[in-house]
Amino acid sequence: MPPLKAQPPIDAPVTAGFLGPDRNWHLSAGAVTAVTVIAFAIWSFGHAGAGVSPPLLLLTIAFGLFMAFNIGGNDVANSFGTSVGAGTLTMKQALMVAAVFEVSGAVLAGSSVTETVRSGIVDIDSMHVDPQSFVYIMMSALLGAAVWLLLATKMGWPVSTTHAIIGGIVGAAVTTGLVTGTGGLEMVQWGEIGQIAISWILSPLLGGIVAFLLFGAIKRHILAPAARAIALGSHGFDDAEDDDDDDDDEEDEERRHMPASERVSELQQAAFAESAALDLTPGGPGAELVEQAAGLSKKKRKAARKIERKAAYHALEKRVPPLAAGAAVVIAAMLVFKGLKNVGLDLSIGGGILLLIMVGIAVWMAVTVFARALKKQSISRATFIMFSWMQVFTASAFAFSHGANDIANAVGPFAAVLDVLSTGEISEEAAVPTAVLAAFGIALISGLWFVGRKVIATVGSGLTSMHPSSGFAAELAAAAVVMLASVLGLPVSSTHILIGAVLGVGIVNRAANWKLMKPIALAWVITLPAAASIGAVVVLVLRAIF
């Protein structure tokens with residue numbers, strides 16, 4: 001487990017050397033990416049057949065993998081930002097978790113058949129577009145979306161990859177219609193654009209409300225008893241109570257006359273920050289409690305602390321298991337009703353509900369046993385360990401769900417192009433071979449490692465300070481809202497929901513960074529027109545070259 005507080009930086013200069021301290025990781029990730037690109041290119045030429053244009057197919061491969069790479073750098077980084085920011089996972093651990101669960105989600109539950117993008121946000125059918133023009137539109141959409149995602153990622157702005165690919169398609173399709181005289185702005189489904197605009201407000205609002213309520217409850221009923229127990233510790237430590245019964249009255253008298261800031265050690269402040277339950281700033285409830293605790297005699301403090309420790313462990317044992325069970329049911333519901341049908345396990349509603357009940361009971365029992373085993377740990381460490389493992393679970397489930405669903409933003413247009421190049425005609429549906437899902441899944445991981453750090457920093461620490469408890473609450477709230485929106489058909493964005501959830505946690509802790517939120521909100525608004533503009537330019541270039 002990571003320590004409660006980060007180690008101070010080393011004063012002596014450290015020579016980073018070639019590629020820095022993570023040279024081996026960079027080289028390994030680069031080698032895997034290069035091998036994947038080469039192997040996938042060879043497979044693509046064999047799959048497409050002999051009649052395909054090699055330059056066009058190579059560009060399609062490059063655009064598709066580049067889009068997947070930038071989805072990893074922005075969307076996957078956004079998903080793992082809370083875990084890395086909370087210290088639950090290191091960047092390398094996040095990479096490994098993403099490598100297993102993102103690729104598994106893409107291969108096992110990723111759509112084996114994707115509908116060709118012919119209508120929806122833009123009505124391509126009305127253009128009577130020829131197959132070659134359709135290929136140019138999809139290729140331009142991929143590159144337009146990817147370039148904008150890369151720019152946003154470099155700035156540390158988490159944006160919607162779905163809105164980006166939609167913008168790319170709109171820009172390329174409308175430009176093609178205007179150039180060929182087959183259509184124009186009337187092809188755009190402006191009602192769908194309106195729903196996207198609604199999602200800019202609805203998604204973060206729903207995520208923020210649910211996270212505010214959820215984390216507020218966790219803070220009051222689970223974290224606060226732990227924080228009170230820590231505040232009552234002697235010498236500013238969590239469980240460093242003296243076991244002897246000799247009351248050192250002289251020491252107590254000396255401590256009563258010390259300023260509160262000196263009585264609270266750095267370790268105790270870290271414990272308060274970790275619990276995210278009390279505010280130690282002057283005038284805050286944490287500082288007031290520390291003052292009260294410091295004024296008690298050693299005997300009274302130990303008696304009060306014994307009561308608070310008992311309450312804290314009781315909260316871990318009795319209140320965390322149902323919370324974990326609820327989280328497991330929410331995550332499992334996303335997989336049962338959205339992912340398993342893709343691997344031939346299409347459960348009935350009754351069967352799915354029965355499975356969810358079994359999952360909830362199993363998790364409840366397992367977490368109860370785990371909580372009892374943590375009674376030998378200090379209360380701050382027990383709380384840290386408990387929520388860290390719960391957050392690892394939600395992060396892994398998020399990664400699997402993301403690999404199964406959002407990879408379609410790159411796979412869909414690519415599969416459509418590959419199908420046209422192979423058959424020479426536009427089909428209603430295009431098969432997605434497993435090789436495509438695997439290669440694009442690896443590209444996601446590569447993007448997370450090479451360009452995802454700024455987005456991780458924004459989500460994990462820029463908008464508000466994250467800890468395992470608050471990170472878990474944000475991820476669970478986002479998952480619940482995504483599932484509810486899917487059931488109700490609400491126009492939401494999972495990226496925007498998670499950002500709203502992070503802000504909801506920040507509001508509870510009175511530490512939301514609204515200044516940073518302003519450029520992020522602006523990036524949400526310009527994602528569609530920016531990707532559309534780039535897509536429009538690219539389609540003109542492709543038509544001029546080919």
Side-chain angles (χ1 to χ4, degrees), residues 16-41 58-59 61-85 89-107 142-161 164-165 395-396 398-399 402-403 406-407 409-411 414 436-462 495 498 520 523 527 531 534:
F18 177 63
L19 294 179
D22 294 329
R23 178 184 60 185
N24 292 338
W25 284 81
H26 289 316
L27 293 176
S28 298
V32 171
T33 304
V35 170
T36 299
V37 171
I38 295 171
F40 184 62
L58 284 174
L59 278 179
I61 295 169
F63 291 177
L65 290 176
F66 185 50
M67 175 61 175
F69 177 88
N70 287 291
I71 291 176
N74 198 287
D75 222 12
V76 178
N78 175 47
S79 300
F80 279 92
T82 51
S83 301
V84 176
L89 296 174
T90 65
M91 185 64 190
K92 295 172 184 176
Q93 289 170 338
L95 180 72
M96 300 307 294
V97 171
V100 173
F101 289 94
E102 288 278 351
V103 177
S104 297
V107 174
L142 284 170
L143 187 59
V147 170
W148 166 246
L149 286 177
L150 180 60
L151 293 174
T153 301
K154 288 295 185 180
M155 297 300 295
W157 300 332
V159 297
S160 172
T161 56
I165 194 65
S396 301
F398 249 92
H402 183 271
D406 287 2
I407 197 174
N409 291 323
V411 166
F414 177 84
V436 175
L437 294 170
F440 279 50
I442 293 173
L444 286 179
I445 310 309
S446 179
L448 170 65
W449 176 255
F450 285 111
V451 298
R453 284 173 171 78
K454 285 191 175 181
V455 172
I456 284 179
T458 296
V459 178
S461 59
T495 298
L498 183 58
I520 293 176
T527 287
I534 300 171

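Just so you know, these numbers use all the heavy atoms, side chains as well, and skip hydrogens, waters and symmetry mates.
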Mind checking whether F414 and F63 have ring centres under 6.0 Å apart? no
Under 6.0 Å from the NZ atom of K92, do we count more than 12 heavy atoms belonging to anything else shown?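 Correct, the count exceeds 12.
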Quick one: does K454's side chain have a donor or acceptor within less than 3.5 Å of a partner on T153's backbone?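 Absent.
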Please check: side-chain N/O of T458 versus main-chain N/O of G156, any donor-acceptor pairing under 3.5 Å? yes
Over all atoms of both residues, closest heavy-atom pair of [X] and [Y]:
X: G452; Y: A77; value: O-CB, 3.4 Å
X: G64; Y: F440; value: O-CE2, 3.4 Å
X: A68; Y: A410; value: N-CB, 4.0 Å
X: P158; Y: N74; value: CA-OD1, 3.5 Å
X: A164; Y: A531; value: O-CB, 3.2 Å
X: S396; Y: V97; value: OG-CG1, 3.7 Å

Compare all side-chain heavy atoms of [X] with those of [Y] and state whether any distance is below 4.5 angstrom.
X: S160; Y: T527; value: no
X: V103; Y: I445; value: yes
X: T161; Y: T495; value: no
X: I534; Y: L143; value: no
X: S446; Y: V32; value: no
X: V159; Y: W148; value: yes
X: F40; Y: L65; value: yes
X: V76; Y: E102; value: yes

From the list L149, I165, L142, side-chain contact (heavy atoms from CB on, under 4.5 Å) partner of N409 resolves to I165
Between M91 and W449, is a side-chain contact (heavy atoms from CB on, under 4.5 Å) present by the stated rule, with each step listed? CA-CA 8 Å; M91 185 64 190; W449 176 255; 3.9 Å; yes
OG1-CG distance between T82 and L498, expressed to the nearest 0.5 angstrom: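 Result: 6.0 Å between the selected atoms.
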Please work out which of the three classes, parallel, tilted or perpendicular, describes the rings of F450 and H26, given edges at 30° and 60°.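 Rings of H26 and F450: parallel, under 30°.
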Determine whether T33 and F69 satisfy the following criterion, side-chain contact (heavy atoms from CB on, under 4.5 Å), listing intermediate values before the conclusion. CA-CA 10 Å; T33 304; F69 177 88; 5.7 Å; no
Can you check side-chain contact (heavy atoms from CB on, under 4.5 Å) on V100 and M96, steps first, answer last? CA-CA 6 Å; V100 173; M96 300 307 294; 5.8 Å; no
Audit row: F66, L150, side-chain contact (heavy atoms from CB on, under 4.5 Å) steps and yes/no: CA-CA 9 Å; F66 185 50; L150 180 60; 3.9 Å; yes
Ring pair (Phe, Tyr, Trp, His ring centres under 6.0 Å) filter on W157, not counting sequence neighbours, yields none
